[in-house]
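In the text below, chain A, chain B and the rest are named by the order of the sequence lines, each starting its count at 1. Remember, predicted model here, so these are calculated numbers, not experimental data.
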2 protein chains.
Amino acid sequence: MSGHESAVAHLRSEGYRMTPQRLSVLDIVAGRPGHIGADEVWNLAKEQHPYVDLATIYRTLQLLKRLGVVTEVVIGNKLHFELANHHDRHNHMVCSECDSVQTLSPAYLAEFSQRLQQEFGFTPDLDNITIGGLCSICQPQG
Amino acid sequence: MSGHESAVAHLRSEGYRMTPQRLSVLDIVAGRPGHIGADEVWNLAKEQHPYVDLATIYRTLQLLKRLGVVTEVVIGNKLHFELANHHDRHNHMVCSECDSVQTLSPAYLAEFSQRLQQEFGFTPDLDNITIGGLCSICQPQG
DNA sequence: ACCGTTATTGCATGGATTTGCGATAGTGGA
DNA sequence: TCCACTATCGCAAATCCATGCAATAACGGT
């Protein structure tokens, strides 16, 4: 329901074409509350279009990321994606020990981001920043 | 000369063994002022030990990273490494458009890091954080 | 409804990094 | 100095993601 008709319009207005494969990927990511791995997107997409190739999934996800329709989360050595909800932006903290994920308000990064912009003219890709580290449970020795 | 006898001792004290391959990797990374790609480490290492395998290079670099001896910089789709100089810590801003790299004082991340620690008990891996985004030259239209 | 242009796909291939496993070689102790 | 234990290595294969290319299919114009 909600989100992605606008995404379709966005694609069209930029000269991109709307294909069943892209619609599938969009539906799958939009239908998932949290983030989802590329391989999982592929498995679900195959239910609708048995011949979709994994490369198409990757290309579509990168395209949607470039357009700001989805955001990327690095978990372990894998990429996950989720629908970009502009009313509920958030970043992720991923534990390198147990791969657990916590969400983080972008407010925590706002000042940092502004300083990079002002002092270096560098625009960090805030939406797709994943913070790695150790969660409270996995801290060294007790 | 300077740095890495202590690293050798550190390895030993943790029960790791000191092998010629590991020494090579350490020497190579230490002998390089800036960061160096895994493949480049491999090429240089082969000059000393023609049979070293690339997998050994990767395993060694990951080990040295875990021990805090080297830090990792994500540039494009490749991993680079540099000797962790505790007197000159810095992070990196990498442009996703042109792959240019700028260094950044960790002071910019200090407050952010402290808040994650205090409010979530999450310890970000500050030394290995790479900030992706667009450099001043690659900004859209302008 | 048809056509032409060209964006997109599937397939095959390639690059970067990781992992499983049997063989090898550090290291501490006798 | 020699041994035993086991961390580490080299090799091969696997994983994840990206890319080149010819065939296909969207979509705007007719």
Whole angstroms only, please: what is the [atom1]-[atom2] distance between [X] and [N]?
| X | N | atom1 | atom2 | result |
| --- | --- | --- | --- | --- |
| Lys65(A) | dA18(D) | NZ | C1' | 13 Å |
| Lys78(B) | dC17(D) | NZ | P | 18 Å |
| Leu67(B) | dT8(D) | CG | C1' | 15 Å |
| Gln62(A) | dT19(D) | CD | P | 9 Å |
| Leu61(B) | dC9(D) | CG | P | 11 Å |
| Ile57(B) | dC9(D) | CD1 | P | 9 Å |
| Glu40(A) | dC17(D) | CD | P | 13 Å |
| Tyr58(B) | dT15(D) | OH | P | 18 Å |

Span of DNA chain C in contact with chain A (heavy atoms, under 4.0 Å):
dT5(C) to dT18(C)
Does Val101(A) form a side chain to side chain contact (heavy atoms under 4.5 Å, CB included) with Met93(A)? I'd like the steps, not just the answer.
CA-CA 6 Å; Val101(A) 179; Met93(A) 298 181 283; over 6 Å; no
How do Tyr51(A) and Leu79(B) order along DNA chain C: which one's closest nucleotide is nearer the 5' end?
Tyr51(A)
Between Asn77(A) and Arg59(A), which residue's closest nucleotide on DNA chain C lies nearer the 5′ terminus?
Arg59(A)
Would you say the side-chain atoms of [X] and [Y] include a donor-acceptor pair closer than 3.5 Å?
| X | Y | value |
| --- | --- | --- |
| Gln21(B) | Thr56(B) | no |
| Glu82(B) | His90(B) | yes |
| Arg89(B) | His86(B) | yes |
| Gln48(A) | Ser24(A) | no |

From NE2 (His92(B)) to CG (Leu104(B)), nearest 0.5 Å
9.5 Å
Give, for atom OH of Tyr16(A) and atom OG1 of Thr60(A), the distance between the pair rounded to the nearest 0.5 Å.
11.5 Å
Distance-only, no hydrogens or angles: does the Thr130(A) side chain make a donor-acceptor pair with backbone N or O of Val73(A) under 3.5 Å?
no
What bend angle does the helix from dA1(C)-dT30(D) to dA30(C)-dT1(D) show across its length, from five-pair end axes and to the nearest 10 degrees?
30°
If you assign each of Ala55(B) and Asp39(A) to its closest nucleotide in DNA chain D, which residue comes earlier from the 5' end?
Ala55(B)
Flag the pair Lys78(B) and Asp39(B) as a salt bridge only when some basic side-chain nitrogen lies within less than 4.0 angstrom of an acidic carboxylate oxygen.
yes
If we check side chain to side chain contact (heavy atoms under 4.5 Å, CB included) with Asn91(B), which of these qualifies: Leu109(B), Asp127(B), Asn128(B)?
Leu109(B)
Report, as a single string ordered 5' to 3', how protein heavy atoms within less than 4.0 Å touch nucleotides 24-29 of chain D: B base, S sugar-phosphate only, - not at all.
-BBS--
For the aromatic rings, using the six-membered ring if either is Trp, is the centroid distance between Phe120(B) and Tyr108(A) under 6.0 Å?
yes
